[in-house]
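Chain A is the first sequence line, chain B the second, and so forth, proteins listed ahead of strands; every chain is numbered from 1. Quick note: numbers below take in every heavy atom, side chains included, and nothing from hydrogens, waters or symmetry partners.
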Amino acid sequence: MLRLHTPYGEACSIEGPSWPAGEAWRPGPSESLLRQLQLVYGIGPHTEERLRREGFSDLVALSRHPRFGAEARKVLQALEQGDLAALRQAGARDYELLSYFDSADLAVIDIETAGFRGWPVFLIGLGWQEDGSWRVRQYFARGFEEEKALLYLALDFLQRFSGLVSYNGRAFDEPFVAERLTYHRLERPHFLIHVDLYHEIRRLFREELPDFRLSTVAGHLLSCRRTADIPGERVPELYLRYMAEGEEESIMPVLRHNEADMVDLCRLFDLLTTGAGRSVA
DNA sequence: CTCTCGCATTTCTGTGTCCG
DNA sequence: CGGACACAGAAATGCGAGAG
């Protein structure tokens, strides 16, 4: 555990594991987006199927259609220019816009907090790709008084990334951190894309999984079993005990839990984007 | 051209589920 | 406990074909 100095006091960083990443992709419009006729206003599932039967297999073909051609050309232009706002407007999800980003521009994030609302954040796990490898790092606050320094360190590190990857982070991690930044009068960072794997995995594996908690999903899709992991709801209790008693042993299960979540998240990301990550890290 | 009917799409409303 | 999103079903809107 490394003690780091900031303008707002001290916090800690912990270097995590590193392992080979899945194959990188070439940024640009993706094939699957080009085949999505429903990006054109006025086309739903039924019309898309009918158009396909008539031979309009992608947006390029549809651009010659008498009725939908003009609108299809607009979508094509947005695809070529990488106009993320227009593509979102047309119905593209952030996951589908990933192809416009280099994998090195994305940071995976998972936070641990002392409670659900109004409580401080005390641990921020970050994962990223560097030279073809995944790397994981944690920023840790040993007490509530170190939260601002922790946020400063995480923010400083995140500056080099333009996108976020999380699990339920749109609803939890991002608004939670935003609220803590406002509390500490720190500026909120802006990301061009936020891929929330929770919703994507729910859509893709709706029929196959009993529930969609991260541990369940990782157990099924990554064939990994966590030994002696703590459930998330015990995190606040263990952190409060750690602060009261100062015993490093009480917080170790939480640090390991967050690290395991981070590794699982990075590997799930690899699995969805490149099909890699099935092997045990 | 105008009106109407039937179907497809969009919008609205409600419910369930994850995160510590 | 709050908030974002997916999904499902209902209500509203839009479009095109056919008849007068």
Practice task
Describe the nucleic acid contact of A:Arg50 in one word from base, sugar-phosphate, nothing, applying a heavy-atom distance below 4.0 Å.
Solution key: nothing
Completion exercise
Of A:Asp196 and A:Arg67, the one whose closest nucleotide on DNA chain C sits nearer the 5' end is A:Asp196
Exercise for the section: Give a yes/no on whether any side-chain N or O of A:Thr113 is located under 4.0 angstrom from OP1 or OP2 of B:dC19. Expected result: no
Handout entry: Within residues 197-213 of chain A, residues whose heavy atoms come under 4.0 Å of DNA chain C
Key = A:His199, A:Arg203, A:Arg206
Practice task
For A:Asn258, report the nucleic acid contact type (base, sugar-phosphate, nothing); a contact means any heavy atom under 4.0 Å.
Solution key: nothing
Fill in the blank from the handout: Dot-bracket for DNA chain B, 5' to 3', Watson-Crick and G-U pairs with both distances under 3.5 Å, [ ] for crossing pairs, | for partner on another strand, reads |||||||||||||||||||.
Handout entry: Heavy-atom donor-acceptor pair, A:Gln129 side chain to A:Ala104 backbone, under 3.5 Å
Key = no
Problem - Touch class at under 4.0 angstrom, heavy-atom based, for A:Tyr41 against every strand present - result: sugar-phosphate
Problem - Residues A:Glu259 and A:Arg256 bridged, charged N to O under 4.0 Å - result: no
Practice task
Verify the contact: side-chain N or O of A:Arg117 to OP1 or OP2 of C:dG2, cut-off strictly under 4.0 Å; return yes or no.
Solution key: no
Handout entry: Polar contact flag, side-chain donor to acceptor under 3.5 angstrom, A:Glu174-A:His194
Key = yes
Practice task
With the side chain of A:His46 defined as its heavy atoms from C-beta on, choose the nearest nucleotide among B:dT9, C:dA6, B:dC19.
Solution key: B:dT9
Handout entry: A:Arg93 backbone acceptor or donor facing A:Glu96 side chain under 3.5 Å
Key = yes
Handout entry: DNA chain B: 5'-proximal contact among A:Ile43 and A:Ala114 (nearest heavy atom)
Key = A:Ile43
Handout entry: Side-chain donor/acceptor of A:Trp25 to backbone N/O of A:Tyr100, under 3.5 Å
Key = no
Handout entry: Nearest-0.5 Å distance, OG of residue A:Ser57 to CG of residue A:Leu37
Key = 8.0 Å
Problem - Beyond-backbone contact of A:Asp196 with A:Asp94, side-chain heavy atoms, under 4.5 angstrom - result: no
Problem - Exam field: side chain A:Tyr198 to backbone A:Ser166, donor-acceptor pair closer than 3.5 Å - result: no
Fill in the blank from the handout: In this structure, OH of A:Tyr183 is separated from CG of A:Leu151 (nearest 0.5 Å) by 11.5 Å
